There are 2 protein chains.
Amino acid sequence: MGVTRTEIFTQEQNELAQMMKALAHPARIAIIQQLLKSQSCICGDLVDEIGLAQATISQHLRELKAVGIIKGTIEGTSVCYCIDEEVWKHYNKTFGSLFNSLPIVGKSCC
Amino acid sequence: MGVTRTEIFTQEQNELAQMMKALAHPARIAIIQQLLKSQSCICGDLVDEIGLAQATISQHLRELKAVGIIKGTIEGTSVCYCIDEEVWKHYNKTFGSLFNSLPIVGKSCC
DNA sequence: AATATTAATCGTAATATTACGATATATAAA
DNA sequence: TTTATATATCGTAATATTACGATTAATATT
């Protein structure tokens, strides 16, 4: 027990859930907001601005990287992170198609 | 260790993360999609359509109810669930404001 | 009243996530 | 080359999530 049964769901359902999960932590939201605001950001600055340990931020960055939403480039001894705009647009579109599928108002039973 | 440090984040960041988390499971996505499609749904039908145990579906329904995204009304011995349209719109708006805050393309560093 | 049906809750095992100190790695500076 | 700086990874403890059988609660049917 305890393991999510992805095999019984559609690819779309699993993908949507995975997208949501990637953003389902305030630290990762904070990272994304920072990158949206400043276009790019040195990893160390994120550690300073968000009050979590360096190892923890690094772990969250890895999760965001794993779903492709951010990418990082090495700049000397530091790493500059930014949002992958193509992936971000894909997220936006996918989320939009979920939310905009609510039909005409006032038909629900309860 | 192991407990999310919500106190160091803004209310907006925590709320966004909580919203995402509510939808961060394929079973809950499937439930929402079903409710979007059929306007309303008997709990038992969800159990049949999604291949998870009744107790598990009930648990997922409770999580969706906890964030207000769905509501249920008792109909005899069964319970009819549907999406709370006001809350759904709020989600749509909040997600939209996150995704649409990506500024002009082509400015990122990496 | 007795029985059937439906959904919620309880208990619990398996798994996943979160956080952080310690350590490793890799480049920069002295 | 030695030392400093920045980030990733390892190891691990605490906590949270997922799934399901068993039970409970509440209404419906007989």
Side-chain angles (χ1 to χ4, degrees), chain A residues 1-9 13-14 17-18 20-31 34-35 40-67 70-82 109-110, chain B residues 1-9 13-14 17-18 20-31 34-35 40-67 70-82 109-110:
Chain A
M1 269 176 272
V3 64
T4 298
R5 303 205 21 214
T6 54
E7 76 280 1
I8 67 171
F9 300 103
Q13 286 161 348
N14 284 315
Q18 195 184 34
M20 296 286 184
K21 198 172 179 183
L23 298 174
H25 193 284
R28 296 196 289 273
I29 293 285
I31 290 171
Q34 192 60 37
L35 296 185
S40 68
C41 205
I42 299 297
C43 169
D45 293 347
L46 292 168
V47 176
D48 294 341
E49 277 159 40
I50 304 167
L52 289 173
Q54 181 266 321
T56 308
I57 295 294
S58 196
Q59 197 171 273
H60 284 301
L61 286 169
R62 182 170 45 179
E63 286 182 65
L64 291 170
K65 254 192 301 184
V67 295
I70 67 169
K71 51 189 174 177
T73 48
I74 300 171
E75 289 192 355
T77 150
S78 31
V79 176
C80 177
Y81 279 102
C82 70
C109 70
C110 21
Chain B
M1 268 177 274
V3 65
T4 299
R5 304 211 15 219
T6 55
E7 76 281 1
I8 67 171
F9 300 104
Q13 286 161 347
N14 284 316
Q18 195 184 33
M20 297 285 184
K21 199 173 179 183
L23 298 174
H25 193 284
R28 296 196 289 274
I29 293 286
I31 290 170
Q34 192 60 37
L35 296 185
S40 69
C41 206
I42 298 299
C43 171
D45 294 345
L46 293 168
V47 175
D48 293 340
E49 277 159 40
I50 305 166
L52 289 173
Q54 181 265 321
T56 308
I57 295 293
S58 196
Q59 197 171 273
H60 285 301
L61 286 169
R62 182 170 43 180
E63 286 182 65
L64 291 170
K65 254 192 300 182
V67 296
I70 67 169
K71 50 189 174 178
T73 49
I74 300 169
E75 288 194 354
T77 150
S78 33
V79 175
C80 176
Y81 280 100
C82 69
C109 69
C110 20

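Order of the sequence lines fixes the chain letters, A, B, ..., with proteins taken first and strands second; residue numbering starts at 1 for each chain. Note that the structure is predicted; figures quoted are calculated from it, not measured.
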Every protein N/O lying under 3.5 Å from an N/O of nucleotides 21-25 of chain D:
none

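- Chain A approaches DNA chain C over the interval C:dA13 to C:dA28, counting the first and last nucleotide 5' to 3' with an atom under 4.0 Å from its heavy atoms.
- Computed from coordinates, the A:Ile50 CD1 to D:dT7 P distance equals 13 Å when rounded to whole Å.
- Taking every heavy atom of both residues into account, A:Ala27 and A:Ile50 meet most closely at O-CD1, 4.0 Å.
- Each of B:Thr6 and A:Gly2 was matched to the nucleotide of DNA chain C holding its nearest heavy atom; the match closer to the 5' end belongs to A:Gly2.
- Considering only residues two or more places apart in sequence or on other chains, B:Ser78 meets the side-chain contact (heavy atoms from CB on, under 4.5 Å) condition with B:Ile42.
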Under 3.5 Å between N/O atoms: give me all the protein pairs with nucleotides 4-6 of chain D, atom names plus distance.
{"residue": "D:dT5", "atom": "O2", "partner": "A:Thr77", "partner atom": "OG1", "Å": "3.3"}
{"residue": "D:dA6", "atom": "O4'", "partner": "A:Thr77", "partner atom": "O", "Å": "3.3"}
{"residue": "D:dA6", "atom": "O4'", "partner": "A:Thr77", "partner atom": "OG1", "Å": "2.5"}

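- Among the heavy atoms of the strands lying under 4.0 Å from B:Glu63 are primed sugar atoms or P, OP1, OP2 only; no base atom is included.
- Here the NE2-CE distance, from B:His25 to A:Met20, works out to 14.0 Å after rounding to the nearest 0.5 Å.
- Taking the nucleotide of DNA chain D with the nearest heavy atom to each of A:Lys65 and A:Arg5, the more 5' of the two is matched to A:Lys65.
- Here B:Thr77 pairs with nothing under the side-chain contact (heavy atoms from CB on, under 4.5 Å) rule; sequence neighbours left out.
- B:Asn14 approaches B:Thr6 most closely through the heavy-atom pair ND2-O, 3.0 Å.
- Residues forming a side chain to side chain donor-acceptor pair (under 3.5 Å) with B:Glu49 (at least two apart in sequence, or on another chain): B:Gln34.
- Around atom CD1 of B:Ile74, no more than 12 heavy atoms belonging to other residues, nucleotides or ligands sit under 6.0 Å away.
- In terms of heavy atoms, B:Cys41 sits closest to B:Leu35 at CB-CD2, 3.4 Å.
- Under the salt bridge (Lys or Arg N to Asp or Glu O under 4.0 Å) criterion, B:Arg5 pairs with B:Glu7, not counting sequence neighbours.
- Taking the nucleotide of DNA chain C with the nearest heavy atom to each of A:Thr4 and A:Gln59, the more 5' of the two is matched to A:Thr4.
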Quick one: side chains of residues 51-63 of chain A, donor-acceptor pairs under 3.5 Å with protein atoms, not counting sequence neighbours, listed by atom name and distance.
{"residue": "A:His60", "atom": "ND1", "partner": "A:Arg28", "partner atom": "NH1", "Å": "3.0"}
{"residue": "A:Glu63", "atom": "OE1", "partner": "A:Arg28", "partner atom": "NH1", "Å": "3.3"}
{"residue": "A:Glu63", "atom": "OE2", "partner": "A:Arg28", "partner atom": "NH1", "Å": "3.4"}

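- One distance of note links CD of B:Gln13 with CD1 of B:Ile8; it measures 9.0 Å at 0.5 Å rounding.
- No engagement by A:Ile57 is indicated, since no non-hydrogen atom pair under 4.0 Å with the nucleic acid exists.
- In this entry C:dT9 has D:dA22 as its Watson-Crick or G-U wobble partner, both defining distances falling under 3.5 Å.
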